[in-house]
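Just below is one structure, and these are the notes that go with it.
The figures here come from the full heavy-atom set of this structure, side chains too, leaving out hydrogens, waters and symmetry mates. Each chain gets a letter, A, B and so on, in the order the sequences are listed, and its residues count up from 1. Values in this document were obtained by computation on a predicted structure and should not be read as measured data.
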4 protein chains.
Amino acid sequence: MGTKALRWERRPDERPQEILDAALTVFAERGYRNTRLEDVGEAAGVTKGAIYHYFANKEALLLRAIEQRSEEAFGRIEEIVRDKTAPVSTRLRLVVRRWFGSVTKERLAVVTLLLQGIAHEAPDAFRRWLVGGPTASMRLIATLVREGQERGEFRPDADADVAARLLVSGLLQQTVWQQYAESVPDAGVEQERLVDSALELFLHSLRPSGRSGALRLKR
Amino acid sequence: MGTKALRWERRPDERPQEILDAALTVFAERGYRNTRLEDVGEAAGVTKGAIYHYFANKEALLLRAIEQRSEEAFGRIEEIVRDKTAPVSTRLRLVVRRWFGSVTKERLAVVTLLLQGIAHEAPDAFRRWLVGGPTASMRLIATLVREGQERGEFRPDADADVAARLLVSGLLQQTVWQQYAESVPDAGVEQERLVDSALELFLHSLRPSGRSGALRLKR
Amino acid sequence: MGTKALRWERRPDERPQEILDAALTVFAERGYRNTRLEDVGEAAGVTKGAIYHYFANKEALLLRAIEQRSEEAFGRIEEIVRDKTAPVSTRLRLVVRRWFGSVTKERLAVVTLLLQGIAHEAPDAFRRWLVGGPTASMRLIATLVREGQERGEFRPDADADVAARLLVSGLLQQTVWQQYAESVPDAGVEQERLVDSALELFLHSLRPSGRSGALRLKR
Amino acid sequence: MGTKALRWERRPDERPQEILDAALTVFAERGYRNTRLEDVGEAAGVTKGAIYHYFANKEALLLRAIEQRSEEAFGRIEEIVRDKTAPVSTRLRLVVRRWFGSVTKERLAVVTLLLQGIAHEAPDAFRRWLVGGPTASMRLIATLVREGQERGEFRPDADADVAARLLVSGLLQQTVWQQYAESVPDAGVEQERLVDSALELFLHSLRPSGRSGALRLKR
DNA sequence: CATGAATGAGGATTCATTCAT
DNA sequence: GATGAATGAATCCTCATTCAT
């Protein structure tokens, strides 16, 4: 009873969010199918029954969890991109750092879930994410690259699409694999170094061949 | 009846392999947990019971399916790497093309399964693959890059580890995502172009710059 | 509907006990292996799923059913045995009557289950019962017999161990076989007569003979 | 092939018997339901398929195994009983020794199977055995006892039926429990001593009260 | 709102039985 | 006759979902 009382101090309006957070974490940890609603409940500090007050069913829970977080994942960056005064390389750095620079536990969970836990459980959600997230990002980066090429900042013969793709999916994948760093020797690299080096390499791969590029890494 | 007759024309000694192939395909398509043994049986042209003649249980089936195929996935390439007469860039091209050049339906299935289907279902197998496959490949490529740096073929200030990582995981991920190309507009690029451009960009990112040493990464 | 309503009148806290009782009965009736959890559920007025709320699995159910009942089966009798003021024969009568005098439906079920239903299904439980139940009883009776021999109440040349064994296992077996009395002509004897006569014969077999010492058993 | 050749040296006409023997043993060891036909096959040196050449199905196998052996179990003793010249006690001794004196591995298997493995698997066979075996034996012994009572050899107030029952079922049960002697401390008594002492006690329990009986144990 | 007992469909697994070889 | 691959019914067990309290 004492315990129960304690639980009640949390505002009920936070419940749904708590459940979503818990779900995200647990799904990412154990996989969607391997997670019982009871597990989610436990992680959220409620019983499984309570979940049904806020979500129609397990799949709805998954969908909402993804939806909510995957939006923030590849969020507001339009301004950065639109600011044509800055050199493309600078804008690229900003964008990529915004996306991959700091990976909180929560964001890692979403990405993991989306990248390896969902394709078969919620194919539509997965596709939607693919379109709205990675693919959009890749397209945006490709656009920036092309702008750089037009401006003469990047070499014109580079394959902008493939460059963008490799950068984004490489970084995504690596970010997820970091989690296995302990058990897989050599799998891990610091996220900071990962992003910095990735950007450096990326920009170098676009640098005009002969003359020296304008590489300045100040951050 | 006709069906039954047909079935008997296949030699029983091929059964295990047929089942493994079927399992791989179906697992990759629908996900391990979403696949009933009966589905595998159906795909292999037998009933679920028959599967138990050859495999102890569902997990053993999964494990064997992975094991068998993932071996061939990142196979013999030592010779290429050891051949110090050729320039490093040439050897890198050979190695990467060997791995990602032609992706058969079967290989695609394994990779898909491994990349997004089993991290939670068979964590050990997943880790083993990570170690034996991608990580080993990345290490190998990183080694080659360093060799190129020592030889002066590549610029010395590039981050070999990150470069290798991005290349391998980027290509892997893209290869898997190809499968969603139809439903995700713009997601797809021909595998050939993907690999060629990736290599071109990769090598360009390592090319010595006109000026040298503008960038120093910790480590 | 009516049935459903009825079901809710029973208090949920009695469920586990109801299930145990049902299990005991059904197991004894049809045998452990021949009983589906669904049968137990039916007998207890719940569905199989409900059983899993209270018991981890079928074996745990069996074990608990045995455990609970077999405890009471050969219960507290120490006092009787210790009371050295009464003649041994009196104490023996009390003890045996306590054990075999009144056999309720439930106790019969346990004994049946233990005697012919589970030696192969739960060998450990069976052995534990053998040790804690029959064997302990036999030992206790043998001890009493020896006491009687020392006191001169019984003839000293009787084999106390075998006497105890025959009495206990004979009574047990007969008790179980009573159940087949209808279909096996002549198999049955009233339990009352069985116990009374058994005691009479038992005590008579230990009574000092006129002449003494005609027989010496090794040991 | 060499192995196969060897197997063929056994005469095929012995097959059924070999299978029956194997079945009996394995059934008694592991229980009927816990035994797969493959196990029986293995024990008999054939494959499960072969069993179906000789027996319609698993139950038929069980039935035949029981039938064959349970006949010999309580076999020819009529002559002994009919020989009215010998004292009843002598005839009783002969009969009981014939039944329980030497228990071969095979006979133990039958008894075990019948006593604790079968009641639920083949109730009819079990009942038939109960009637033809133990019950018949008990009846026969009871008859002998009554004869002894009429002749004045035994005390007339003893309960012949119960005496016979206890003797037979006690001995049966003990014989089966011998098998657990190792794991159940104190459970075991040598079969020889068991039978001798049982007889001694049995006869003593029937001895006329006052005067001394004619107990002679020569064997 | 929350609980947790109860339900029942779904799927893994076992194994008696069949049958082509 | 014998083999052993294949079948499929049977049953344990899990867990999403419902609902009385």
Please state the C1' separation for the pair F:dT21 and E:dC1 - nearest whole angstrom.
13 Å
Nearest-neighbour nucleotide for the B:Lys48 side chain, E:dA16, E:dT7, F:dG8 considered
F:dG8
Comparing C:His53 and D:Asn57 on DNA chain E - which has the more 5′ nearest nucleotide
C:His53
When B:Tyr52 and C:Gly49 are each assigned the nearest nucleotide of DNA chain E, the 5'-most assignment goes to C:Gly49
What do the steps show when you test B:Asp21 against B:Gln17 for side chain to side chain contact (heavy atoms under 4.5 Å, CB included), and what is the final call?
CA-CA 6 Å; B:Asp21 290 346; B:Gln17 190 55 54; 3.0 Å; yes
Both distances under 3.5 Å, Watson-Crick or G-U wobble: report the partner of E:dT21, or none.
F:dA2
Only pairs with both distances under 3.5 Å count, Watson-Crick or wobble alike; so what is the partner of F:dT11 in this structure?
E:dA12
Heavy-atom side-chain proximity of B:Asp39 to B:Arg36 below 4.5 angstrom:
yes
Determine whether C:Leu63 and C:Glu59 make a side-chain contact, defined as any pair of heavy atoms from C-beta on separated by less than 4.5 Å.
yes
Under a 4.0 Å threshold between the charged nitrogen and the carboxylate oxygen, would C:Arg64 count as salt-bridged to C:Glu67?
no
OP1 or OP2 of F:dA2 under 4.0 Å from side-chain N/O of D:Tyr54:
yes
F:dA2 OP1/OP2 closer than 4.0 Å to side-chain N/O of D:Arg15:
yes
